[in-house]
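So the structure is just underneath, and the comments pick up after that.
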Amino acid sequence: MDELIKEFLVESQEGLDRMERCLTELELQPDNRELLAEIFRAVHTIKGTTGFLALPRLEKLAHAGEHLLGLLRDGRLQATRTVVDALLALLDRLRSILQIIGATGQEGKRECDDDTALIALLDDLRESGGVAPVREAAAMPTAPAIPVEQNTRATQPTDQTLRVDVDTMNRMMNLVGELVLTRNQILQANGSGEQFTALTRRLDGVTADLRETVMRARTQPVGQLFQKFPRMVRDLAQSCARCVRLDFDGQETRLDKSLLEALKDPLTHALRNAVDHGIESPGDRVRSGKALEGVIRLSARHEGGQVVIEVADDGGGISAENVLKRAVERGLLTPERALTLSETEALQIVFAPGFSTRDAVTVVSGRGVGMDVVRSNVESVGGVVELESKLGEGTTLRMRVPLTLAIVPALVVRCGPSSFAIPQNAVCELLLVMRRDESRMVQTIGDAPMLRLREELLPLVSLNDLLGLAKHIDNGYYVAVLEAKGRRFGLMVDDLLDPQEIVVKPLARVLRASGVFSGASVLGNGELALILDLSGLATRARLDLAETSAADVSARAAEAVEASRAEGTSVLIFEGCGGERGAIPLHAVERIERLMPEQVEYCGGVALMQITGGFLPLEDAGGLLLNGAGDSVTVVVCHRGAEVNSRIGLVVERVLNIAEAEVLLPQQSHGGRLALVQERLATMQAGFEDLERAA
Amino acid sequence: MNGTKEKGDAEIISLCSLRVGDAAFGMDTQQIHEVLGASVLQPVPLSHDFVGGVIPYRGDVLLVVCTRRLLGLEPLGKVLNLLVLRDEVENELFGLAVDAVDDVLTVDAASFEANPCTLTAAQKAIFAGAYKLRDGVIVRLEPELLRPSRLAEIQFPGLGIRTAAGVA
């Protein structure tokens, strides 16, 4: 293809992208002159260039459009909905012609490539002053199908090019020159003493600069991707009769160009789902007391060495019950299995191929392809997809994409003979646990070791055990307190090395299969370190991430009140008086203490225990304090609600386990509230009903 | 490696001869990107048994397939020679750890024999056939048969190699 034409295609595409964005904005603010001027410029540029390149079809169209836009720009015509629709139709047509040119080098002379109807529409609008012409319905042309589109997509010149500032380019060239110069000097220096040190230092500087410049040239702000969506959402909203606003956040977040391309399809799917399935019809919204206009929020940010892109809507949310019912109907799940799934697990079914909650297949969605495509696309670039939904409040789809090729600050830890890197952003705190302090700092609930960190109990995971590495026996170990998927946990490692900036290298697919490693990096000493994927690690360690951690009880407790349905809840099971099993919602538990009888004080007949800065009433239903004379007792410190004074100490015989419990409905149980835990019954401790529902 | 394929009356193939344990193997020199000397492998926990580890190689991290493990031998603990090969399917490079890299031999393509049916299933899966030499045979290896993405999918019944070690 002619170089000139190639350049024209790239430029025009960019112009049209801008025009598209402006047009959707224009609909909201029809009098904005700046937007009009921008649109006019885009069409004008195309018209100008086409005359010069001898592309008569484009020229005619662009001319008609320019004419209409001229009137709009001069304020002689109002940008009504009809006008905007016509301009969007023009935009689509221009785009399809550009596509044909990109594929064939010709403008397209087939029968369906006739533009007279569209040109006539534009002319009519101009003459009638923006009033919808009578013959609109007949004249409104549907964009012709482009049969070549699919197979030529990859070779579109716009996909293969990257715009880089001349400045950046010059800087790179400069640095490469510098690199060559340094190499020559090193070759001549023959490794002799003093000069060599200076040269290495210089090499270091040049490399760092070059690296940064190249990386910067490769990344593009996600805004470039986002700006393609307002138009799509507008069209979709119209065809589904929804009222939707699209908000953006973090558009300046930079991401590797190849990743941006890879995210385009999944994001399109996700937005489609949000408009069609997420946002309710305006009537339903008003009935449920929400604003008429639904909001979809598209945001991007860096987090833990990854880029997180979220599509959040404030629509109806996904009903786990509905999902399960559907999955059983579609044969994706057996009814028995469906009963055992938690709400979070149920939501995951949405990603299964062939799943759809829609009764009717609409044009937009409902064919059962979609979410599995989103997931497989994101996973193909090494990312993960998470789904969160609250019935009645909305759904958030979160895509985490790694910054392949990116450089991230990381903490390097040692386990057995190997080094591993943990993205620094995930590290909250580092602790040294000496052998003699171990019993104080690490306590076990059932078989699970928990780290006692100030007022919190955190699950503790041994990296050696998890990876099957030899255990390091010494007088202590380190614990890195990490945060993954909003959950804090402690990771036991043998040793901590320096924090350093590491270059992330992708790993072979075969090695990524375990989900524990996201990449590898070469350390300063030439050794390789595998980079830990913390969410994969957490999953592997069976840290139930949906479980509420003790840390944010107060926040969740407030939400829990609103939750209406009793679901499977994580509970702490304990043995009370006479071997009776009792249960208490896990996130109500703050910590577990052993108390000597003399530490229990009595005041006005109430048993109290001292805690930092106050006291705690002890609840001793089984009379363990009185009967178990001389022995120490176990106290579960827990709270009933968000308020400070709702904390109590529950005296129990011993703590048994943590498990998922199904709270039985009152008619199923006799008297007290019972729960089914691991196929045995346990009495739910009274007073924690509100907290049981926070899944 | 300049693998040259001489065009004559008979098709001559130049084979790089390799040794693993007591067995002799050969690989077409044209299929070898580079031969590296002694290298230190970084083990990868929770990976398949055939994975010897990873090494840094020209800005990439290469997965190294341990030939000894594939043949049911104990790994030596150190890698003396490493071939860099290309996985055409995944379009990435990988390493193949062998005990020794010897001479480059030239063999006649006509002397090629397919795998005998008496081989174990595991050997059939990784051997490409054999060339008859004057004083013995040399087993042909192919990157296509040894690429990690393929090895991860096949079973090795005879060797007790777990396919997806620890992959949940």
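Bear in mind the structure is a predicted one, so any value in this text is a computation, not a measurement. We name chains A, B, ... by the order of the sequence lines, and we start the count at 1 in each one.
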**Q.** Separation between CG of B/L46 and CG of A/L466, rounded to the nearest 0.5 Å
**A.**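 Spacing of CG (B/L46) from CG (A/L466) equals 6.5 Å.
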Q. Nearest 0.5 Å, what's the CZ-CG distance between A/R509 and B/L63?
A. 11.5 Å
Is there side-chain contact between [X] and [Y], with at least one heavy-atom pair below 4.5 Å?
{"X": "A/F517", "Y": "B/S47", "result": "no"}
{"X": "B/F50", "Y": "A/V510", "result": "yes"}
{"X": "A/P506", "Y": "B/V61", "result": "no"}

Q: Using non-hydrogen atoms and a 4.5 Å limit, figure out which bit of A/L467 sits close to chain B: side chain, backbone, both or neither.
A: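 Answer is both: backbone and side chain atoms of A/L467 are under 4.5 Å from chain B.
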**Q.** Side chain, backbone, both or neither of A/L528 within contact of chain B (heavy atoms, under 4.5 Å)
**A.** both
Q: Go through the atoms of B/V44 and report whether side chain, backbone, both or neither lie under 4.5 Å from a heavy atom of chain A.
A: both
Q: List the steps and the verdict of side chain to side chain contact (heavy atoms under 4.5 Å, CB included) for A/E527 and B/V40.
A: CA-CA 9 Å; A/E527 194 191 341; B/V40 182; over 6 Å; no
